[in-house]
Amino acid sequence: MTVKISVLKERDEGGERRVALIPQVVERLTPLGISFSMETSAGVASSYPDSTYKDVTFSSDRNALAADADILLAVQPPTLETVKAMKPGAILISFIYGRNNPDLVKALRDGKITCFAMELVPRISRAQAMDALSSQATLAGYYAVLMGAVHMPKILPMMTTAVGSLRAAQVLVMGLGVAGLQSLATAKRLGAITEGYDVRPETKEEAQSLGAKFVDTGVDATGQGGYARELTDDEKQKVRKALSDHIARSDLIVTTAAVPGKRAPRLIDAEQIKAMKPGAVIIDLGAESGGNCEGTQAGQTVQVGPTTIVGPINVPSMLAEQASELYSKNIMHLLQQIITKDKGLALDFTDEVISGTALTHDGTITNDGIRKAVDPNSPAPPAPAPTPAATPAPTAPAANDTGKETAK
C-alpha cells in the first residue's frame, strides 16, 4: 500500500531557499511504505543537491508531480496553478497563511484537497515536535542578534585593552516568544547586557533564567494559544511610558511581537526612535507583517534619525540548511501521525493535532477563524469522525506544465 509523496522546489519569491524534505528524513520515512518524488534541484539552495537523496525520483514537471501525489509537501504556499493540478482527496502540507491567501484557501476547498497548514499546529506539548513556527522562530531569533551586531558601530561584549575598557552593549528584546527568548540567549552569550520585555508577565521568569532583566510595565495582555492579545489604547500609553527610557538607553533592540492574522503591533514610535542614541540599531522581525517600529520598511535597511532600522524578511531562509532540517523533521512527525506501515494513509479528525492543523478537508474550510475571514457564507464542517484507513486516492492524469505561475 504505497503512499506517493511529492516535494516542490520553492519559487525564488521573497528569497526562499528552504526545502520541505531533507535526505535524512526521506530515509527515516521510507520504511512506512512511501515512494518519494521531488522537483529537480529542490534542495540545492539549502545545500542538499539531488545526489544526496537516495530512492527519490526527480522531475522538472511541477504540475505532473502535484497531479500524481497523494501528499504534496512545500514550505511556502503553492500557486493556484499547482493546487488546481492536484487530484481530489490529495493532501497538501505547507505554510498557507489563509487570511492572507483567501483565493488559495477557496481553491483548496473547491478542489477537495485536505490541507494541513503548518502555522496552525496546536501549541500543546504533544505537538511540539510538529511546531514549525517555533522551530523556524528559534533560528530567526538567533540570527537577529548577529544581524544587529554587524550593523552596530560597537561590539557587544565588554573588552579590556591596553588603553582602557570598552563597555558592553545594552540589548533590549521586545516580545519574548520563541524568537525573543533565543535573541536574549544569543545576546547574553555574546557578552551584552540584556533586558527583555513582553506584555505577558509569565515570561518574566524565562527572561531572568537567561540572565536578562525583565522590564515590567504593569500590563498583562496574555492571549490565547501562547500569543499576546492586542492592547487597548490606555494600555499602549502605559506601556509606552514605561519603555521609553529603556529604548533610549539601548544600543541594539530586537522586536519580535506578532498577533496571528493581524498587522504586527507597533512597539516603538517615531518619537521614541528620535530619542535613541546615535548609532543605535533596531532589528524588526515583525517587518513582514507591517513592522513593530514606525519607519520600518520590509526587506530594507533604513536610517531614521539616529537609528538604523533593519526590516529583514524570511529570516529562517537565511539559514536555509538547518531551517530545512528543522522544518523537514516537523513534517516527518506530522506524517507519522497519518501514515502507518500496516494501514497506509489514515486521518483521524478526533485527534486534536490533526483537526487543529487542518485548514480544508472534503470540500469544506475546517478552521473556523479562517473560514469566517475568507468566506463567511461557506458551510461549517460536519462533526469530526475517525476516517478509516484508506488506500491512496486514485491518480488523475498529469496536467500540462505551461511554465507559468499564478501570482500569489
* To do: With sequence neighbours left out, write down each residue that passes side-chain hydrogen bond (donor to acceptor under 3.5 Å, both in side chains) with N367, or none if nothing qualifies.
  => none
* Asked: Is T296 reaching over with its side chain to a backbone N or O of G311, donor-acceptor style, under 3.5 angstrom?
  -> no
* **Counterpart residues, side-chain hydrogen bond (donor to acceptor under 3.5 Å, both in side chains), relative to D245 (two or more places apart)** => R249
* **Partner residues of A179 under the side chain to side chain contact (heavy atoms under 4.5 Å, CB included) criterion, sequence neighbours left out** => A137, T256, L285
* Is K204 paired with D198 through a side-chain N to carboxylate O contact shorter than 4.0 Å? -> no
* Asked: Considering all heavy atoms of both residues, which atom of L29 and which atom of Q336 are nearest to each other, and what is their separation?
  -> CD2-CG, 4.2 Å
* To do: Indicate the atoms forming the closest heavy-atom contact of A212 with G196, along with that distance.
  => CB-N, 4.4 Å
* To do: Using side-chain hydrogen bond (donor to acceptor under 3.5 Å, both in side chains) as the criterion, list what pairs up with T114, not counting sequence neighbours.
  => H361
* Compute the ring centroids of F58 and F36, then answer whether they are less than 6.0 Å apart. => no
* Would you say T57's side chain and S37's backbone share a donor-acceptor pair under 3.5 angstrom? -> no
* To do: Determine the minimum heavy-atom distance between S35 and T2, stating which atoms define it.
  => OG-CG2, 3.6 Å
* **Flag, side chain of E119 to backbone of Y97, donor-acceptor distance under 3.5 Å** => yes
* **N/O donor-acceptor pair under 3.5 Å between Q136 side chain and A323 backbone** => yes
* Asked: Between Y48 (side chain) and E321 (backbone), is there a donor-acceptor pair under 3.5 Å?
  -> yes
* Structure fact -> In short, salt bridge (charged side-chain N to carboxylate O under 4.0 Å, His left out) pairs touching residues 25-40 with sequence neighbours left out are R11-E39, E39-R62
* **Within 6.0 angstrom of K277 NZ, more than 12 heavy atoms from elsewhere** => yes
* Asked: What are the two closest non-hydrogen atoms of L252 and G148, and how far apart are they?
  -> CD1-CA, 3.7 Å
* Is a side-chain donor or acceptor of T232 paired with a backbone partner of E235 at a separation under 3.5 angstrom? -> yes
* Structure fact -> Shortest non-hydrogen pair, I96 vs P78, comes out as CD1-CD, 4.3 Å
* **Backbone of G15 reached by a side-chain donor or acceptor of S317 within 3.5 Å** => yes
* Asked: Between E271 and R240, is there a salt bridge with N-O shorter than 4.0 Å?
  -> yes
* **For T255, side-chain hydrogen bond (donor to acceptor under 3.5 Å, both in side chains) partners two or more places apart** => D284, N292
* May I ask you to decide if A270's main-chain N or O and E294's side chain share a donor-acceptor pair within less than 3.5 Å? => yes
* Salt bridge present between R167 and D251 (N-O < 4.0 angstrom) -> no
* **Backbone of I354 reached by a side-chain donor or acceptor of T357 within 3.5 Å** => no
* Is any side-chain heavy atom of K4 less than 4.5 Å from a side-chain heavy atom of D68? -> yes
* Which atoms form the tightest heavy-atom contact between K238 and T217, and what is the distance? -> CE-O, 3.5 Å
* Side chain of R17, backbone of S46: donor and acceptor closer than 3.5 Å? -> no
